[in-house]
Every structure is written in C-alpha cells, then in structure tokens.
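A quick write-up on the structure given underneath.
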There are 2 protein chains.
Amino acid sequence: MKKFAVVLSGCGVFDGAEIHEATLSLLSIAKMDCSYEIFAPDLNQHHVVNHLTGEEMDETRNVLVESARIARGKIRDLKQFNPGEFDGLLFPGGFGAAKNLSTWAFEGADSSVLPEVEDAIRGMVALKKPVGALCISPVILARVLGEVKLTIGDDDSTIDAIESLGATHVSTTHGEVVVDKTQRLVTTPCYMLDATIDQIAAGADNLVEAMIKLMA
Amino acid sequence: MKKFAVVLSGCGVFDGAEIHEATLSLLSIAKMDCSYEIFAPDLNQHHVVNHLTGEEMDETRNVLVESARIARGKIRDLKQFNPGEFDGLLFPGGFGAAKNLSTWAFEGADSSVLPEVEDAIRGMVALKKPVGALCISPVILARVLGEVKLTIGDDDSTIDAIESLGATHVSTTHGEVVVDKTQRLVTTPCYMLDATIDQIAAGADNLVEAMIKLMA
C-alpha cells in the first residue's frame, strides 16, 4: 500500500489550506487504496481572515492547530516528516501555501520558503519520489527547484513570476494535470480557475493517479 | 435542477461542522447535477476546541464566520432561509450540530434546538420536502419531530435518548442510509462510526441520491 504525506497550511482558503482541495485530496488517496499521514508546520499563521467579509481579524492562530481541524486531530509537525517513510508528498492549495508555507503572496518570485517545507520537497526529489501540488502550491516547487514543468492554471502574473525562476508553465483547464517526469512533479490548477467542487474532485483524482504512476 | 440548502455549524469536528462530511455532501450534490446554497446561524460557538490537543481554548468564534471557511465565503445567515426556494435541506454532522445548532451534547433528550434550525426543518416538512442529516445531526430531527425513523449508527446511549423522544432507530453500518418515507427524512451514520473518508463519501452520495428520489 502506497503512503502519502499531505502538507496543510491552516484551515480556510484565504489564510490557510483550501478545505475542499485538502479534503478531496485525502479522498482521492483513500479511493486509490493508498494511505496518508497529515503534516503542517508549527508556527503562527501570517494572519487570520474573516471568510465572511474578507477582512483581516485581530487574532492569532497556529497553522498546525488549525490544520488539525481538517485532519480531525491526526496530524504531526512537518519537522517530523521523514521522506524515507513515504511514497509521495502532496500539497493542497489555498492562500496558506503562499502566506504560511512561503511568502509568495507578498514577495512572488523573491519569496522565501519555510525551511521544513523546502527540506520535505528536496528530500522527496532526492529519493526520486513524486511531489504533487494543487492550485497555488506549485509556485513553491518553482521557488525551491527552479527548472521544473508545472501548471498553475492560466493566471498571467503568476505564470510570469514562476517563469522568471526558470520554470516552464503549461496552461491547463479543469481537472487537467501536468507531469514533470524528470523531477517527478504533478500539478493541477483547481481553484486557481473559477471551478466547481466536482471539478476540484476530478483534479485531485487525476493528480493522485498520476503520482501513483510515478511511484517505483 | 434541484437545489439544496446545506446548514453548517462551524468548521471542525470537535466544535463545529465536520469538514469531510460537509465538503463531501457538497461534492455529492454537485455530482448529481444539483446546486446548493450554504447557511449557518449567526451566533457565537458554544466554545472553541484545539483540534490538536482536544483542550478548550480561551477564544470566541462565530458559527457563521467559521462556517464561511468551508463555504469559501458564499454563505448566508440561516435566518434568511426560505423553504420555498429549496428542494432539500441537508445537515452535515460534527459536534457543532450538538453544541451550536442544539444543546444535545449537554442535555441529550432534554436539549433545546436553535429556533432558526427548528423553523428550517418544520418549514421543509410542511412543504413535503426532504431533510437529510449525517452523523450526529439526526438527533436534531428526533428532538424537533419526535416520531421519526432514523439512524445515528450504533451508539447505544444516543439510541436510547432518541427513542425516549418517540423516534425509531435503525442500526446501520458504513454508507447505509435510512429513509423515513412519511416525513421524508434521510439519515446516515458517517463518523458516528469509526469510518474512513471514502466511507464518508459513500454515505454522502447515498444520502443525496435518496433525498433526490424523495423530491417531487
């Protein structure tokens, strides 16, 4: 049974992990008779956004604690992630990937990536194990690895930024995946497009299936 | 196209709506080519639980605002719900149903139900439109309607409590639904059993399908 590690970045599209993408990634893994463990970094969120109004709230929330809502409490600090224990690494999207796992939302191509996130990605690539990323998360792969092939959908400014890092962008529509066979990366646009929830499910299914094909 | 109203009770199994049940209910509705709108009551949660430790946190969060995380901002106050506009009403589970939508977690068969929740259920029943409930949410149907047929899985103390209200309980396992044809209620146990996420998806699919069959 192949085992996935899923990395969350909070709980909610505007300041954390996108809930549908996270949940449907877990479902796709289970449907393919694979298992998963969930990880998140133990640090405060960049900020907290009221998802009803879009306004910032005067609160502090922890990424690991909030991610535990999606994980139903079964989650570990990303610093405990060991690439040797897993067959694939998967990043759902949501602004948390660009605000908590990296500073992409504020600094684009000049952004920094959280050390434990970079270590996890580099560790899997070194072992020739696949890494999957949904929605905005592929930007982290571009920032860490540089010359990769990936998709973030069709957003021009994001495409320009990742291409400035040496990445090759492939435009995609709902449910489509892009596979970088050299680095064993799989990406799909999900809510980077104006999508319905069943289109997110199709993207997650296709991404997980493509990752399994890349597993030794 | 049939239209569902989905009522959330926060965002997270221990103090709000169960995220997988909520997300997978939305997916089931979309897969069946139906549409949905999401509602939640505008009031403070009973409490906030740290989902990593299970401990109560010294915080105040609003049910509507936190539910908006699952709804990606597209959500309305449950007081605005009009049964005439919808073909079915669906309650995902999570402790929020028993802590925020009702006081079932603390008072069992003697619990009170939030007026806008009771109004929504009675409004649909009066119009002979189906109401679906996952996980622990069926207890609300028993508390409001009394003599109904439903399932909450196989938990003896909860079964005793709903039977004391006049309800008939049917024990079920993963993915099974119970249909009360008289009151047009559909229930399924989901995480009231020790379930995997693909079993939750099966329960949501079967519940939504059974609800559609009950629609005129």
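Each chain gets a letter, A, B and so on, in the order the sequences are listed, and its residues count up from 1.
Contacts of B:Asn62 with chain A are absent, with no heavy-atom separation under 4.5 Å from either backbone or side chain. Only the side chain of B:Arg61 comes within contact range of chain A, with heavy atoms under 4.5 Å apart. With a 4.5 Å cut-off on non-hydrogen atoms, B:Thr60 touches chain A through its backbone but not through its side chain. Residue B:Glu18 touches chain A through its side chain alone, counting heavy-atom pairs closer than 4.5 Å.
Across all non-hydrogen atoms, the minimal contact from B:Ala201 to A:Leu27 is CB-CD1, 3.6 Å. The minimum heavy-atom distance between B:Asp198 and A:Ala30, with the atom names listed, is OD1-CB, 3.7 Å.
Here the CD1 atom belonging to A:Ile197 is positioned 4.5 Å from the CG atom belonging to B:Leu26, to the nearest 0.5 angstrom. Distance CD1/B:Ile200 to OG1/A:Thr23: 11.5 Å, rounded to 0.5 Å.
Counting non-hydrogen atoms of other residues, nucleotides and ligands closer than 6.0 Å to CZ of A:Phe95 gives a total of 12 or fewer. Other residues, nucleotides and ligands place more than 12 heavy atoms under 6.0 Å from the CG atom of B:Asn82.
Looking at B:His20, its side chain does come within 3.5 Å of a backbone N or O of A:Ile70 through a donor-acceptor pair.
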| field | Worked check of side chain to side chain contact (heavy atoms under 4.5 Å, CB included) between B:Cys11 and A:Ile19 | value | CA-CA 10 Å; B:Cys11 179; A:Ile19 289 173; 3.7 Å; yes

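Counting only heavy atoms from C-beta outward, the side chains of A:Thr53 and B:Val65 never approach each other to under 4.5 Å.
Ranked by heavy-atom pairs under 4.5 Å with chain A, the list B:Asp15, B:Leu64, B:Thr196 is led by B:Asp15.
Between B:His51 and the options A:Arg69, A:Glu66, A:Lys74, A:Arg72, a side-chain contact (heavy atoms from CB on, under 4.5 Å) holds for only A:Arg69.
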